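Position 1 is the first residue of the sequence, and the numbers go up from there. Note that this is a predicted model, so its numbers are computed, not measured.
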Amino acid sequence: MDECPHVSPISLDDIQEPDDSEDVKVDEVRVINLSLGEALDGRAASALQRQRLSRTVGIVGPNEAGKTSLVASVYDLLQEGTIGDFGFAGSSTLIGFEKICHDARVSSRRGKPHTERTSAGADVTFFHLDLCSRVGEIVSLFIGDRSGEDYLAAADDLANAEAFYELRRADVVTVLVNGEHLVSSEQRHEAVAATQQIVEALVEASAFRKGCCLAIVLTKEDIVVASKESARVDRDFQALLDAIKERHSSHFGRIEQFIVAASPQDSTKVKRGNGVDQLSRFWLEASILPNPIPRSMPQSSRMIDLLGSTDETIT
């Protein structure tokens, strides 16, 4: 360094102090709130529903009927292709979907498919899917997830149904019937009775919107098919469906039946997700019929204005 002709000594006096009087301009930072990807609470789901056309599905059923497995199966089907005319277009609950799907996949290294049960007493959550039709229309699908124990409690006390706002906003209510229980001689009568009691209680408590659609779904088709009692199960399920239609057809816009195998233990006889695509199409295509608006009697003293039927309705 001593030999370099360009080196000159620098003292502390040569260092210029910063001028604090000058305003320092700081670029405005734009904050973007990112979704955590978990299942949504009611407020977050409502905010998304206001953004575009949406469908809300409420899933009702006793414990171990297969509610969570059904939700996971819908998500898995969309990874393989379209559901009817609809394909996957996005989701704000991808982490939530992956959590409920993991234990049913080979990567979990489980011997049999497994799905965690929804905790009793927990607030309802919603899984969200954006689906795109062939003409480019985006429909948001929201699937409610609540413990089966909570729905059973409504059969004992109608006041418990007051908290089921996911059913009151549902376009389609899906009631699950455990196929494994219908196979069992000891459990079949209780399974049928419990389903009828749940539907009866929720209708009486006005938990369903008038005119919404109802899907009655027999789950665990793989166990039914492998059983020697499959014919009897079909008869029991049909009798249950007929009983619900007879008592409540006036309350619902449509009542349809489905048989699914969302997460079969043996996929050699029934493939995973069998029947779920038909049910999913029903969720997307079913719509609530508008309630007719009664035509009010005109208030006039002129006879010409009073002509016409008072029971005429506008649809």
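Atom CD of Glu204 has 12 or fewer neighbouring heavy atoms from other residues, nucleotides or ligands inside a 6.0 Å radius. The number of heavy atoms from other shown groups lying within 6.0 Å of NZ (Lys245) is above 12. Other residues, nucleotides and ligands place more than 12 heavy atoms under 6.0 Å from the CZ atom of Arg281. Within 6.0 Å of atom CD in Gln187, more than 12 heavy atoms from other residues, nucleotides or ligands are found, so the atom counts as buried in its surroundings.
Distance CG/Asp145 to CZ/Phe126: 9.5 Å, rounded to 0.5 Å. Between atom OG of residue Ser206 and atom CD of residue Glu162 there is a gap of 9.5 Å, rounded to the nearest 0.5 Å. Of the inter-residue distances, the one linking Ile83 atom CD1 with Leu78 atom CG reads 4.0 Å to the nearest 0.5 angstrom. Taking CD of Gln257 as the start and CG of Leu279 as the end, the distance is 12.0 Å to the nearest 0.5 Å. Taking SG from Cys132 and CD1 from Ile138, the interatomic distance works out to 4.0 Å, rounded to the nearest 0.5 Å. Note that the CG atom of Asp171 and the CZ atom of Phe142 stand 11.0 Å from one another [nearest 0.5 Å].
Inspection of the Gln238 and Asp234 side chains reveals no N or O donor paired with an N or O acceptor under 3.5 Å. Counting only N and O atoms by type, the side chains of Asn274 and Glu221 include a donor and acceptor under 3.5 Å apart. With 3.5 Å as the limit, one finds a donor-acceptor pair spanning the side chains of Glu186 and Ser184.
In terms of heavy-atom proximity, His181 sits nearest to Ala191 at CB-CB, 3.9 Å. The shortest non-hydrogen separation linking Cys213 to Phe282 is CB-CZ, 3.9 Å. Considering all non-hydrogen atoms of both residues, Arg55 and Leu284 come closest at NE-O, 3.1 Å. Residue Ala262 comes nearest to Val276 through the heavy atom pair CA-CG2, 4.3 Å, listed as atom of the first residue, atom of the second, then distance.
Taking 4.5 Å as the limit, some side-chain heavy atom of His128 sits within range of a side-chain heavy atom of Leu40.
Of the options Leu70, Val260, Val60, a side-chain contact (heavy atoms from CB on, under 4.5 Å) to Leu176 is made by Leu70 and by none of the others. For the side-chain contact (heavy atoms from CB on, under 4.5 Å) with Tyr151, the lone residue among Asn63, Asn160, Ile59, Leu167 that qualifies is Leu167.
The closest donor-acceptor contact from the side chain of Arg134 to the backbone of Phe86 lies at 3.5 Å or more, if one exists at all.
Looking at residues two or more places apart in sequence or on another chain, you find a side chain to side chain contact (heavy atoms under 4.5 Å, CB included) between Val192 and Leu182, Gln196, Leu240. Residues forming a salt bridge (charged side-chain N to carboxylate O under 4.0 Å, His left out) with Glu180 (at least two apart in sequence, or on another chain): Lys220.
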Phe258 vs Leu218, side-chain contact (heavy atoms from CB on, under 4.5 Å): CA-CA, chis, key distance, verdict
CA-CA 6 Å; Phe258 300 89; Leu218 180 66; over 6 Å; no
Is there a side-chain hydrogen bond (donor to acceptor under 3.5 Å, both in side chains) between Gln49 and Thr56? Walk through the geometry before answering.
CA-CA 9 Å; Gln49 286 176 318; Thr56 302; 2.6 Å; yes
Could you please spell out the steps behind the side-chain contact (heavy atoms from CB on, under 4.5 Å) verdict for Ser92 and Leu48?
CA-CA 9 Å; Ser92 59; Leu48 283 177; 3.3 Å; yes
Please step through side-chain hydrogen bond (donor to acceptor under 3.5 Å, both in side chains) for the pair Asp222 and Gln265, ending with a clear verdict.
CA-CA 7 Å; Asp222 56 309; Gln265 297 180 3; over 6 Å; no
Residue pair Ser133, Asp85: steps toward the side-chain hydrogen bond (donor to acceptor under 3.5 Å, both in side chains) verdict:
CA-CA 5 Å; Ser133 68; Asp85 293 334; over 6 Å; no
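Note on ring orientation: taking the six-membered ring where Trp is involved, the planes of Tyr75 and Phe88 are perpendicular (angle over 60°, cut-offs 30° and 60°).
Follow the hydrophobic side-chain contacts under 4.5 Å out from Val71 and you reach Val57 in the same cluster.
Residues Glu38 and Lys99 are paired through a salt bridge, judged by an N-O separation under 4.0 Å between the basic side chain and the carboxylate.
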